[in-house]
Amino acid sequence: MAEQDESVSWTLTRRAFVGTTAVGGLAVAAPLAACAQLGPAEPEPDTTVTLAINGVKKSVAVDTRTSLLDMLRERLDLTGTKKGCNQGACGACTVLLDGRRINSCLTLAVMHEGAELTTIEGLAKGDRLHPLQQAFIDRDAFQCGYCTSGQIVSGVGCIAEGHTSSPGEIREWMSGNICRCGAYTNITEAVAQAAGKA
Ligand code: FES
Ligand code: FES
């Protein structure tokens with residue numbers, strides 16, 4: 001008898017719980033659905049910036065507060081450049097601006113009128129990978145891949161700067177690019193391979 005009571009009691013409790021959750025869930029879901037329809041607050045473009053992106057001149061409508069990274073990802077669908085920290089700490093957003101490595105999350109798009117920008121999408125020539133892209137495959141230099149485009153673009157800059165005389169020098173000059181998977185040894189080998197040092 002005691003068992004039956006316990007069972008009934010449990011059933012009622014469970015039903016009450018499910019009912020409460022369903023009602024509560026609906027109460028929460030309605031405003032959430034309304035928010036989802038509104039979508040993220042995307043600032044309206046109020047100016048235009050013209051740059052050469054991967055060799056192609058483009059004029060892009062942006063808000064003056066739009067970062068270079070958001071312009072690439074949100075306005076041009078160039079999503080190979082990743083947003084990691086969005087505050088200059090991880091290097092996932094690295095691009096080459098007039099040949100120099102920069103964190104695209106830390107700079108405004110409107111500051112770069114007339115600049116030449118190279119992103120990960122601009123490294124391969126048709127079906128032919130950039131030597132550093134090939135080296136990343138050869139050396140198994142990634143795991144989840146989230147940091148990889150930033151690592152490769154940064155590695156291209158590192159090689160062009162000539163900071164590849166030793167594994168230690170490569171590690172030092174690639175230290176702005178964080179890999180949460182810890183693929184550093186293979187990344188260093190890949191950069192050395194593309195630089196002709198391994
Ligand atoms: Fe730019 Fe992390 S997203 S440095
Ligand atoms: Fe996963 Fe670098 S491969 S963060």
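Numbering of ligands and ligand atoms starts at 1, following listing order.
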Are [X] and [Y] side-chain neighbours, meaning at least one heavy-atom pair lies under 4.5 Å?
X	Y	answer
Leu76	Lys58	yes
Leu68	Ile102	yes
Ile152	His130	no
Leu108	Thr64	no

Which protein N, O or S atoms lie under 2.8 Å from atom 2 (Fe) of ligand 2, given by chain and residue number?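 Correct list: Cys147 SG, Cys179 SG.
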Supply the atom-to-atom distance Arg73 CZ to Thr66 OG1, rounded to the nearest 0.5 angstrom. 14.0 Å
Nearest 0.5 Å, please: how far is CZ in Phe142 from CD in Gln151? 12.0 Å
Shell check on atom 1 (Fe) of ligand 1: protein N, O or S atoms less than 2.8 Å away are Cys93 SG, Cys105 SG
The test is side chain to side chain contact (heavy atoms under 4.5 Å, CB included); show your working for Gln134 and Ile137 and say whether it passes. CA-CA 5 Å; Gln134 186 59 54; Ile137 294 170; 4.2 Å; yes
Where the side chain of Ser149 meets the backbone of Gly80, is there a donor-acceptor pair that is under 3.5 Å apart?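 Pair found, side chain donor or acceptor close to backbone of Gly80.
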Say whether, by atom type as modelled, one donor and one acceptor occur between the side chain of Thr119 and the main chain of Val95 under 3.5 angstrom.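 No, because the side chain of Thr119 does not come within donor-acceptor range (under 3.5 Å) of the backbone of Val95.
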